[in-house]
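Notes follow once the structure below has been shown.
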Number of protein chains: 2
Amino acid sequence: MNLFQQYQNPSLAVDIVVFGYQQRTLSVLLLNRNEAPFKDTWTLPGAFLQMDERFKDTCSRVLKTKLGMDDVYLEQLYSFDDLDRDPRGRVIAVAHYALINPKNVSIAAGSMANDVKWFDVNQLPELGFDHVAIFIQALQRLRSKIVYFPIGFELLDEIFTLPELHDLYECILDTTIDRRNFRRKIMDAQYIIATGKKREGVQNRQPDLYKFNKKLQKDNFLLNIQ
Amino acid sequence: MNLFQQYQNPSLAVDIVVFGYQQRTLSVLLLNRNEAPFKDTWTLPGAFLQMDERFKDTCSRVLKTKLGMDDVYLEQLYSFDDLDRDPRGRVIAVAHYALINPKNVSIAAGSMANDVKWFDVNQLPELGFDHVAIFIQALQRLRSKIVYFPIGFELLDEIFTLPELHDLYECILDTTIDRRNFRRKIMDAQYIIATGKKREGVQNRQPDLYKFNKKLQKDNFLLNIQ
DNA sequence: TCAAAAGTGTTTGTACTACACCCATGC
DNA sequence: GCATGGGTGTAGTACAAACACTTTTGA
């Protein structure tokens, strides 16, 4: 036997905090488990790592299976290693968060879940395992990241209005941001590009439509919201 | 057999980027391996996780064994999961970084190493495994963290002068920082407390001695260096 | 013509930058 | 007394915050 294999190893899993933005609300996708442990309890989606997988592969597998979603913005967050975080034994979770546009996915409870649902981040149910801690850290990371890196687009449609982007930032940061200053900062940073079109079929004045500036210098970018 | 254990699991290790500051230089501690793989090559210190250990326990064990050091500032960085990052098999590394004051430790090559040495971060030798990537990320993290969180003290003596703190920041950030503006920012932030004493036995004017303000509000702290 | 939301510009204040002089100590 | 590094203060500038009016659309 290889010296290398005489060690017993913890199980390795990924857990994913999937953020979505819809109806002017930041939401998280949760699964209601239909198996012990934490049967009938809401948890983050996750899966065990297979030997030939990298973390992102495992995440993609989960997102594909449970959300029918490819090509998702995904970032590694932190690894959680409490000795008793999983009643089944020693499991280490490498937490990730994902940003998706709920419009582009059709969620379906798989064989492992009673139900899959979006929850407003401000109205979460009780969560199983240590998933509250993971969620809190994910939200913190999203909040700190969105002011120095253009990731907001991952949550919006390809084409969007400036008031929509503004509302997204207010939702995520949970503050009010001055409309006019926000607009100036976004425009100065060349964050977005005018399409020359306007959104039609709205109640009031038709807002301009923009798209993300993909040539944006992503490093050295700072939004500096109030 | 438990369904749970039918999966094969990768090995889990921690690797630690140990930063030290001495002779006006930011350094990293490296081990020269005396065993394959990467025999006679410099690498970061690390160890395999034992089943009853948390990451920090494993790190402490390494730091204690190889540095005779307890009570070190330690932070989890990122988990590295390349399939072939270790020629012995599938090993996932949970990278950490540590900040220590080299004065307080006596490094000694253990049975696993030919040698243990400090290297200027700007003059690293070739590193084994994927340790260059880990190092780069650690340095980035240190640089971004030091401007919004008071961790510089971990690298200095209990009592230090403002020019010393200033030089530390210049070393870590690899820039020049205006002396007078730096002083004002540090003082305004109530970052440090005057001891009323001066350093003696120096060539020129005796600089004031300070200590860290432990009551500092660590959240909501921003230094904003140029 | 009115209500509701979108677009635009100006003033004010604060905080960062840049910069120069005096002070203490050892040789 | 001179060289070297340490301590202090100020003026200018740039950017963020605060704020009000006009425009467009549907009802």
Side-chain angles (χ1 to χ4, degrees), chain A residues 23-25 144 146-148 152 156-157 159-171 173-211 217 220-226, chain B residues 23-25 144 146-148 152 156-157 159-171 173-211 217 220-226:
Chain A
Q23 282 111 46
R24 306 179 59 135
T25 306
S144 62
I146 203 170
V147 297
Y148 74 87
L156 296 174
D157 294 345
I159 304 291
F160 54 89
T161 68
L162 223 151
E164 282 164 9
L165 187 64
H166 175 246
D167 184 71
L168 173 67
Y169 270 79
E170 288 195 333
C171 272
L173 297 174
D174 195 27
T175 47
T176 58
I177 304 170
D178 185 273
R179 274 189 322 123
R180 297 151 286 193
N181 294 337
F182 180 80
R183 176 181 293 267
R184 180 161 16 80
K185 281 173 197 168
I186 293 289
M187 299 310 285
D188 287 355
Q190 299 187 283
Y191 206 31
I192 56 179
I193 298 170
T195 63
K197 296 178 182 164
K198 289 174 185 294
R199 168 140 302 158
E200 292 173 26
V202 292
Q203 290 290 78
N204 313 307
R205 178 170 178 174
Q206 298 173 343
D208 297 341
L209 286 166
Y210 295 89
K211 62 182 178 180
Q217 199 67 21
N220 204 13
F221 170 82
L222 188 66
L223 209 55
N224 224 339
I225 304 294
Q226 280 162 354
Chain B
Q23 282 112 45
R24 306 180 59 135
T25 305
S144 61
I146 203 169
V147 297
Y148 74 85
L156 296 174
D157 295 343
I159 304 293
F160 53 89
T161 68
L162 223 153
E164 281 164 10
L165 187 63
H166 175 246
D167 184 70
L168 173 67
Y169 271 80
E170 287 194 334
C171 271
L173 297 173
D174 195 28
T175 47
T176 58
I177 305 170
D178 185 274
R179 273 189 321 125
R180 297 150 288 193
N181 294 338
F182 180 79
R183 177 181 292 268
R184 181 161 17 78
K185 281 173 196 167
I186 293 290
M187 299 311 285
D188 287 354
Q190 298 186 285
Y191 205 30
I192 57 180
I193 298 171
T195 63
K197 295 178 182 162
K198 289 175 184 295
R199 167 141 302 159
E200 295 174 24
V202 292
Q203 290 291 78
N204 313 305
R205 178 170 178 174
Q206 298 172 342
D208 297 340
L209 286 166
Y210 296 89
K211 61 182 179 181
Q217 199 66 21
N220 204 13
F221 171 82
L222 187 65
L223 209 55
N224 225 338
I225 303 293
Q226 280 161 354

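The chains referred to below are lettered A, B, ... by the order of the sequence lines, with proteins before strands, and numbering in each begins at 1.
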Q) With a 4.0 Å cut-off on heavy atoms, is Gln206(A) in touch with a base, just the backbone sugar-phosphate, or nothing at all? A) sugar-phosphate
Q | Separation of atom CD1 in Ile177(B) from atom P in dC16(C), rounded to whole Å | A | 14 Å
Q | Which nucleotide in dC19(C), dG6(D), dG7(C) has an atom nearest any side-chain atom of Leu162(A) | A | dG7(C)
**Q.** Expected output: side-chain His166(A) to main-chain Arg183(A) donor-acceptor under 3.5 Å
**A.** no
Q. Taking NE2 from His166(A) and C1' from dA6(C), how many angstroms apart are they, rounded to a whole number?
A. 12 Å
Q) Between dT25(D) atom C1' and Asn204(A) atom CG, what is the distance in whole Å? A) 6 Å
Q.
The side chain of Asp178(A) is closest to which nucleotide in this list: dA27(D), dT8(D), dC19(D)?
A. dC19(D)
Q: Rounded off to whole Å, could you give me the CZ-to-C1' distance for the Phe182(B) and dG7(D) pair?
A: 15 Å
**Q.** For atom CG of Leu165(A) and atom P of dG7(C), their distance in whole Å
**A.** 12 Å
Q.
Without decimals, in angstroms, what is the distance between Asp167(B) CG and dG6(D) C1'?
A. 14 Å
(Q) Using modelled atom types and a 3.5 Å cut-off, is there a donor and acceptor pairing between side-chain atoms of Glu200(B) and backbone atoms of Gln206(B)? (A) no
Q: Take the protein atom CZ of Arg183(A) and the nucleotide atom P of dC21(D), then report the distance between them rounded to whole Å.
A: 19 Å
Q: Please figure out whether Arg180(A) or Gln203(A) has its closest DNA chain C nucleotide nearer the 5' end.
A: Gln203(A)
Q: Measure the CG-OG1 distance between Leu168(A) and Thr25(A) for me, rounded to the nearest 0.5 Å.
A: 11.0 Å
**Q.** Lys185(B) side-chain N/O to dT17(C) phosphate OP1/OP2 under 4.0 Å
**A.** yes
Q | Minimum-distance nucleotide (side-chain atoms of Arg179(B) versus dT24(D), dT8(D), dA18(D)) | A | dT8(D)
Q) Rounding to a whole Å, what distance do you find between Glu170(A):CD and dA5(C):P? A) 14 Å
Q) Under the 3.5 angstrom rule, does the side chain of Tyr210(B) hit a backbone N or O of Tyr191(B) as a donor-acceptor pair? A) no
Q: For the pair Asp157(A) (side chain) and Ile159(A) (backbone), establish whether a donor and an acceptor sit closer than 3.5 Å, ignoring hydrogens and angles.
A: no
